[in-house]
Amino acid sequence: MSIKRVAINTGGGDAPGLNAVIRAATLAGIRRDWEMFGIRNGYRSITEEKEAPLMTLDRTAVQGITMRGGTILGTANRGNPFEMPFKNDKGEWELRDESDHLVEEFKKQKLDALIAIGGDGSMHIASKLIEKGIPIVGVPKTIDNDLPETDITLGFDTAMSTAADSIDKITTTAEAHERIMVVEVMGRYAGWIALHSGLSSTADVILIPEIPFEFDSIVKKIEERRQRGRYFTMIVVAEGAVEKNGKRHVLGKAVGQAEQLGGVGEFVAKKLSELTGQESRHTVLGHLQRGGSPSSTDRLLSIRLGAEAIRAVNEEDFNKLIVTHGPELKRIPISDIAGKTKTVPLDGDIIQTARDIGICLGD
Ligand code: F6P
């Protein structure tokens with residue numbers, strides 16, 4: 001088969017670096033005389049047929065986008081073609097399998113390959129589309145850094161740095177007011193953002209989903225600091241962190257979407273204020289962590305991933321995810337990681353380092 005037409009899709013939550021992948025893949029594709037396209041707003045646009053689902057990606061379309069956050073293609077969290085939410089005649093939401101429709105459109109558009117940039121949800125969808133005959137190359141994206149088999153995912157470095165900068169800023173207020181300050185960061189079921197940003201911004205307590213926390217342990221840390229004349233405490237909590245024998249804090253769940261997490265920061269701040277009598281405040285960093293210009297580390301990674309995805313398509317080495325292993329890029333079967341999550345290893349050096357320098361991990 002000679003490759004002629006290639007589409008790129010960005011799925012799930014946006015992340016800094018997506019545009020850098022789109023540009024690099026487009027330029028590398030154009031150099032091979034391929035026609036490059038972007039799928040607008042995720043797979044949903046293909047099945048809805050409201051607007052032309054494909055955007056032509058030429059040199060002009062990708063000019064100057066490397067340093068821009070978001071994705072010029074648009075993305076959708078409710079874009080799973082196997083479970084697409086639609087309102088039925090009674091006005092109720094129902095999930096429909098629109099995957100055959102998507103496959104038909106792919107053929108109708110005479111596309112030869114799809115580059116799917118996404119996280120765990122997108123790779124799960126990709127593995128099912130592969131079974132339906134769509135040739136896919138995957139690119140690992142998520143600020144959460146929770147995809148297995150890759151050292152890092154694009155977007156993580158920027159999100160972690162944004163979180164660390166914000167924690168630095170809040171630390172000065174914590175110190176000035178002698179408060180307990182709790183910063184809630186993203187990361188769903190993995191504590192990568194909390195651990196890396198907390199460690200680099202010298203937080204005193206870091207709570208991650210992998211280690212259920214106990215208030216006794218946090219209070220002990222606060223008291224130990226007071227005895228040393230440090231009357232403020234900085235606490236970083238991942239949105240998916242749970243109290244021992246407690247439940248995850250869930251704000252809600254929309255049809256066809258993952259549950260929306262949030263609230264643990266406020267819970268921790270209030271409880272600590274009750275237990276210690278000290279003033280406390282909480283801040284939820286939220287989508288700040290997904291926005292902004294990608295760091296140079298993320299830009300470089302994204303450009304490398306985009307160009308490698310095109311090399312994989314050129315070699316017709318389909319159904320692979322491009323991953324980083326140390327300084328190298330490798331290709332692994334997408335099916336190896338579909339439905340799996342990479343959590344923080346409790347015996348890893350970063351956890352050991354946190355413990356060695358006296359950070360309380362809530363246990
Ligand atoms: O997966 C990326 C992520 O930012 C998570 O860290 C967070 O829980 C979720 O997406 C938020 O999604 P939404 O933008 O749909 O609220």
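Annotation for K128: atom NZ counts as buried by contact number, over 12 foreign heavy atoms lying within 6.0 Å. The 12-atom threshold is not exceeded at CZ of R31, counting heavy atoms of other residues, nucleotides or ligands nearer than 6.0 Å. By the 6.0 Å contact criterion, NE2 on H282 is enclosed, its count of non-hydrogen atoms from other residues, nucleotides or ligands being greater than 12. Surrounding NZ of K247 are at most 12 heavy atoms belonging to other residues, nucleotides or ligands under 6.0 Å away.
Contact annotation: the side chain of M181 never approaches that of T283 to less than 4.5 Å [non-hydrogen atoms, C-beta and beyond]. Looking at heavy atoms from C-beta onward, F82 lies in side-chain contact with D97 at the 4.5 angstrom threshold. Side-chain contact between R5 and F37 is present, with at least one heavy-atom pair separated by less than 4.5 Å. Residues T153 and D144 form no side-chain contact, since every pair of their non-hydrogen atoms from C-beta on lies 4.5 Å or further apart. Put simply, the side chain of P209 does not reach to within 4.5 Å of the side chain of T343, judged on heavy atoms. Residues I357 and L199 form a side-chain contact, since some pair of their non-hydrogen atoms from C-beta on lies under 4.5 Å apart. Side-chain contact check for F318 versus I130: every heavy-atom pair is 4.5 Å or farther apart. Counting heavy atoms from C-beta outward, V219 and E223 have side chains that approach closer than 4.5 Å.
The backbone N or O of I125 sits nowhere less than 3.5 Å from a side-chain atom of N80 that would complete a donor-acceptor pair. Between the N77 side chain and the G13 main chain, a donor and an acceptor come within less than 3.5 Å of each other. Put simply, the side chain of S127 never gets that close to the backbone of S335: no donor and acceptor are under 3.5 Å apart. With hydrogens and angles disregarded, a donor-acceptor distance shorter than 3.5 Å links the side chain of N19 to the backbone of R68. Not a single donor-acceptor pair under 3.5 Å links the side chain of E210 to the backbone N or O of P345. Remark: side-chain polar atoms of K340 are not paired, donor with acceptor, to backbone N or O of E149 under 3.5 angstrom. Formation of a donor-acceptor pair under 3.5 Å by the S201 side chain with backbone atoms of D165 is not found in this model. In terms of modelled atom types and a separation under 3.5 Å, the side chain of T75 and the main chain of G12 share a donor-acceptor contact. For the pair D146 (side chain) and T341 (backbone), a donor-acceptor distance under 3.5 Å is absent. In terms of modelled atom types and a separation under 3.5 Å, the side chain of E35 and the main chain of K4 share no donor-acceptor contact.
Ion pairing of E315 with R331 is present here, as a side-chain N (NZ or NE/NH1/NH2) and a carboxylate O approach within less than 4.0 Å. The pair R96-E98 meets the salt-bridge criterion, with a side-chain N (NZ, NE, NH1 or NH2) lying under 4.0 Å from an Asp/Glu carboxylate O. Using a 4.0 Å cut-off between a side-chain N of Lys or Arg and a carboxylate O of Asp or Glu, R230 and E175 qualify as a salt bridge. In this structure, D100 pairs ionically with K132, as a charged nitrogen and a carboxylate oxygen lie closer than 4.0 Å. Between K270 and E266 a salt bridge is recorded (basic side-chain N to carboxylate O distance below 4.0 Å). Using a 4.0 Å cut-off between a side-chain N of Lys or Arg and a carboxylate O of Asp or Glu, E104 and K107 do not qualify as a salt bridge.
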Working note: V268 + K271, criterion side-chain contact (heavy atoms from CB on, under 4.5 Å); need CA distance, chi angles, decisive distance, verdict. CA-CA 5 Å; V268 169; K271 186 83 186 180; 5.9 Å; no
Would you check, one step at a time, whether the test side-chain contact (heavy atoms from CB on, under 4.5 Å) holds for F156 with I193? CA-CA 7 Å; F156 171 65; I193 297 177; 3.9 Å; yes
Start with the C-alpha distance between E224 and C360, add both sets of side-chain angles, then the distance that settles side-chain contact (heavy atoms from CB on, under 4.5 Å), and finish with yes or no. CA-CA 11 Å; E224 177 204 305; C360 165; over 6 Å; no
Do V183 and S166 pass the side-chain contact (heavy atoms from CB on, under 4.5 Å) test, and can you show the C-alpha distance, the side-chain angles, and the key distance before you say yes or no? CA-CA 9 Å; V183 182; S166 310; 5.7 Å; no
Candidate pair E259 and R248, rule salt bridge (charged side-chain N to carboxylate O under 4.0 Å, His left out), full reasoning: CA-CA 11 Å; E259 56 189 12; R248 196 175 283 138; 3.5 Å; yes
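Here the closest non-hydrogen pair linking I8 and A25 is CD1-CB, 3.9 Å. Listed here is the closest heavy atom pair of P81 and L129: CG-CD2, 4.4 Å. Contact record, A7 with L111: CB-CD1, 3.8 Å, taken as the closest heavy-atom pair. When every heavy atom of D204 is checked against every heavy atom of K221, the shortest pair comes out as O-CE, 3.6 Å. Nearest heavy-atom pair across T150 and K342 is O-NZ, 2.8 Å. Across A238 and V264, no two heavy atoms sit closer than the pair O-CG1, 3.5 Å.
Placement of Y189 and W192 in two distinct hydrophobic clusters is found when ILVMFWY residues are connected by side-chain heavy-atom separations under 4.5 Å, directly or transitively. Criterion: ILVMFWY side-chain heavy atoms under 4.5 Å apart, direct or through other members. Under it, I350 and V237 are not part of a common hydrophobic cluster. At a threshold of 4.5 Å between side-chain heavy atoms, the hydrophobic network of Ile, Leu, Val, Met, Phe, Trp and Tyr places L285 and L261 in two separate groups. Clustering ILVMFWY residues whenever any of their side-chain heavy atoms sit less than 4.5 angstrom apart, transitively, puts I117 in the very cluster that holds L329. Linking ILVMFWY side-chain heavy atoms closer than 4.5 Å, directly or via other members, places V62 and M36 in a single hydrophobic cluster.
Applying the side-chain contact (heavy atoms from CB on, under 4.5 Å) test to A258 and every residue at least two apart in sequence or in another chain returns R188. Residues satisfying the side-chain contact (heavy atoms from CB on, under 4.5 Å) test with S273, not counting sequence neighbours, are S280.
Only one option out of I310, V6, I3 pairs with R32 in a side-chain contact (heavy atoms from CB on, under 4.5 Å); it is I310. Only one option out of V182, T276, L361, L272 pairs with I218 in a side-chain contact (heavy atoms from CB on, under 4.5 Å); it is L272.
In this structure, CG in D14 is found 5.0 Å from CZ in R290, a value given to the nearest 0.5 Å. We find the CD-OG1 distance between Q289 and T158 to be 11.5 Å, quoted to the nearest 0.5 Å. Rounded to the nearest 0.5 angstrom, Q63 CD and L27 CG are separated by 9.5 Å. Distance check, rounded to the nearest 0.5 Å: CZ of R355 to CD1 of I351 gives 6.5 Å. One finds the NZ atom of K141 at 13.5 Å from the CG atom of L301 (value rounded to the nearest 0.5 Å). The CD1 atom of I115 sits 10.5 Å away from atom CD1 of I39, with the distance rounded to the nearest 0.5 Å.
Figure legend: cation-pi geometry between R281 and F232 absent, as NZ or CZ is not positioned both under 6.0 Å from the six-membered ring centre and within 45° of its axis.
For R299 and S293, the side-chain atoms include at least one donor-acceptor pair closer than 3.5 Å.
Two rings, from F215 and F267, have their centers less than 6.0 Å apart.
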